[in-house]
Number of protein chains: 2
Amino acid sequence: MASAATDLIFRPTEGQDALSLAEGAYRRLRDAIVRGELAAGTKISERGLALTLGISAQPVREALRRLEADGMVLTQPRSGTIVAEFGPDRLAEMGRIRAALEGSAAALAAERADDAALALMDAQLAVMREATAAADTVRLAAANERFHALVHAAAGNAFLLRSLTSLRAYDHFNRVRALESTPKELPKALAEHEGLLKAFRKRDPELAEERMRAHVLRSLRAGGVLKNGKK
Amino acid sequence: MASAATDLIFRPTEGQDALSLAEGAYRRLRDAIVRGELAAGTKISERGLALTLGISAQPVREALRRLEADGMVLTQPRSGTIVAEFGPDRLAEMGRIRAALEGSAAALAAERADDAALALMDAQLAVMREATAAADTVRLAAANERFHALVHAAAGNAFLLRSLTSLRAYDHFNRVRALESTPKELPKALAEHEGLLKAFRKRDPELAEERMRAHVLRSLRAGGVLKNGKK
DNA sequence: GATTGCCAACTGCTATAGCAGTTGTCCATG
DNA sequence: CATGGACAACTGCTATAGCAGTTGGCAATC
C-alpha cells in the first residue's frame, strides 16, 4: 500500500474528469431540472438523451433511475419517463425531510466525530465568522456547505450521506437567496453552527439532533421555503 | 380510457411475476443479505451473479447500484463489490434514521390523508385490536406493516416512500422478534397507533410526527435494536 | 360522424460483446 | 531468500443490437 504522502501526490484530479459517464449524466440532468431548464412534464427518452449527451443509453438509464429515486422524474414502465413537478409545496416537503435527516446525521456525528473532524468543522466556522462579519454571502454559503458536508462525513453512514446529497440538490437554486434575503439572519445562523459544534464536543446526540433540526428548519423559513407559521 | 370495472378485471397479477429482472434481482439479493446468507465482506461479481441468477449482467448491475444506495454493498470502481457489514450498531443507526423519516411521513400524512385513507388505516387498526387480544403476533406484524405502508402512501412523497421501503428491509429479521419478545408491549403499540390516527384526524403534523417518531423508537428499544438508555 | 381495429413508430428493458482499469500470481533478477 | 516487474485473469463500465410492451393516428366499418 502506498504511503499517505504518495496518496496526496497521486490523488486523481478532483474535478468532474474522473467521473463515470452515468454519474456525469446524473449530475447534469439533476442540475438542469433544478434550474428549470427541463420543465415539469417534459418527456425524456433514454435513447434521445443518450444521443444528445453523446454517450450510450446505458449510463443515461442509470442516471434516470437515480433521479427517479430522488423523486425528480417519473417512469412508467415500457411507456416513458417525464420530469416530475415540484412546486413550492413539494420543495417544502423535501426541506422538512432534509431537516429530519440532517438531524439524524448530527446525532451520529456527535457520537463519532473525532478530534480531526471537529477541528475541520472549527476551521469552517472560522471562515463563516469572517464571512459573516464581511457580509460575504457567497463565501458564507460555501463554508456553510462544507460544514454540513463535514457533519455528513462524520456521521459515517452511506445511506444518510447519499440521501442528504440528493436532498441538497432541491434547494440549490434558493440557497444563496436564503442567506441574502434577510441579512439579519446571518449572525443567527452563525450562532446556531457554533451551538452545533458545542453539542458535538459534548457528545450529546439528542442535543445535536435537535439543534441541527431547528437550524435547518429556521434556515428554510428564512428562505421562504417553509411558512412562518410552522413550529 | 377503460372504466373502473374493466380496470379491476384486467388488473395484472400482483405477484412477483410482472417484476422487472432488475427489481427481482434487487429484492432477492437484499433478502439474502439481511438473512445473513451473504456474509459481510463477500465479494460479488456482476457477471458471476448474473450467471447464477440466469439473467444478464445489466439488471444485476442495476440491482447492485440500488443496494449501494441502501448502504448494503460497497463498490470500488473497477475493482469489485462486497457486501457491507452491519453489526448491531449499524442496525441501530438505520433504526434511528427510520424513526426520523417515519416521523416526516406521519407529518405529511396528517396534512394530506383523505377520508378514504384514514378509513383504511382504521380498518388495519381493527385488525390489530383483534390480533392483540388474541396475541397473534404474526397477524399483528402484517397489519402493522400495512398500517405503516398506508401512512407512507398517504404522505405522497416518492423520495420518502422509496427511502422507507429501503430502510424497512434492515429490521426484517428482527421484526417479529420485537413483537414476541415482550408481550406486554403489544397493547402499548396498539395505543400508539390509535394515538397516531387521532393525530391524523386532528390534522396536526407536529403531533403526528412526534408520536410516530416516539413509536418507532420505542418499538426499536423493545426489539433490542436500540439501547434502553437513549431517550 | 362516431367507433373500432390495426399498424407503425415509439418507449423502457434486456442480452451480448468489448473496453479499460485493477489485482494477484509467477517468474526472472538482485 | 527477498524483490520487482510483467502478464493473465479478473473487475466494473460502456457500447451496440434487439426484444417486448405501449401509444397514437389512420383507415375501414357500423
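A note on names: the letters A, B, ... follow the listed sequences, proteins ahead of strands, and every chain is numbered from 1.
- A salt bridge links Asp122(B) to Arg201(B): one of the charged nitrogens lies within less than 4.0 Å of a carboxylate oxygen.
- The existence of a salt bridge linking Arg203(B) and Glu111(B) is excluded, since no basic side-chain nitrogen approaches an acidic carboxylate oxygen closer than 4.0 Å.
- Heavy atoms of other residues, nucleotides or ligands lying less than 6.0 angstrom from CG of Asp114(A) number more than 12.
- Between Val151(A) and Met212(A) there is a side-chain heavy-atom pair separated by less than 4.5 Å.
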> So Glu206(A) and Arg213(A), salt bridge (Lys or Arg N to Asp or Glu O under 4.0 Å) or not? Walk me through it.
Replying inline: CA-CA 11 Å; Glu206(A) 312 296 333; Arg213(A) 185 182 163 82; over 6 Å; no
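- Among residue pairs with one or both ends in residues 38-57 of chain B, those qualifying as salt bridge (Lys or Arg N to Asp or Glu O under 4.0 Å) are Glu46(B)-Arg61(B); sequence neighbours excluded.
- In this structure, Glu145(B) does not pair ionically with Arg139(B), as no charged nitrogen and carboxylate oxygen lie closer than 4.0 Å.
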Atom pairs under 3.5 Å, N or O on each side, protein against nucleotides 7-9 of chain C: can you list them with distances?
none

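- Taken residue by residue, residues 50-67 of chain B places heavy atoms nearer than 4.0 Å to DNA chain D at Gln58(B), Arg61(B), Arg65(B).
- A salt bridge links Glu23(A) with Arg27(A): the distance from a Lys NZ or Arg NE/NH1/NH2 to an Asp or Glu carboxylate oxygen falls below 4.0 Å.
- In the model, Tyr26(B) has no side-chain atom that pairs as donor or acceptor with a side-chain atom of Asp31(B) under 3.5 Å.
- No hydrogens or angles considered: a donor-acceptor pair under 3.5 Å links the side chains of His152(A) and Glu102(A).
- A heavy atom closer than 4.0 Å to some atom of DNA chain D occurs in Arg78(B), Ser79(B), Gly80(B), Thr81(B), these being the qualifying members of residues 78-85 of chain B.
- Comparing Leu21(A) and Gln76(A) by the nucleotide of DNA chain D that holds the closest heavy atom to each, the one mapping nearer the 5' end is Leu21(A).
- Asp70(B) and Arg162(A) are not joined by a salt bridge, as no carboxylate oxygen comes within less than 4.0 angstrom of a charged side-chain nitrogen.
- Nucleotides of DNA chain D lying under 4.0 Å from heavy atoms of chain A occupy a range whose first and last members, 5' to 3', are dT14(D) to dT23(D).
- For residues 75-92 of chain A, the set of pairs meeting the salt bridge (Lys or Arg N to Asp or Glu O under 4.0 Å) definition, not counting sequence neighbours, comprises Arg90(A)-Glu93(A).
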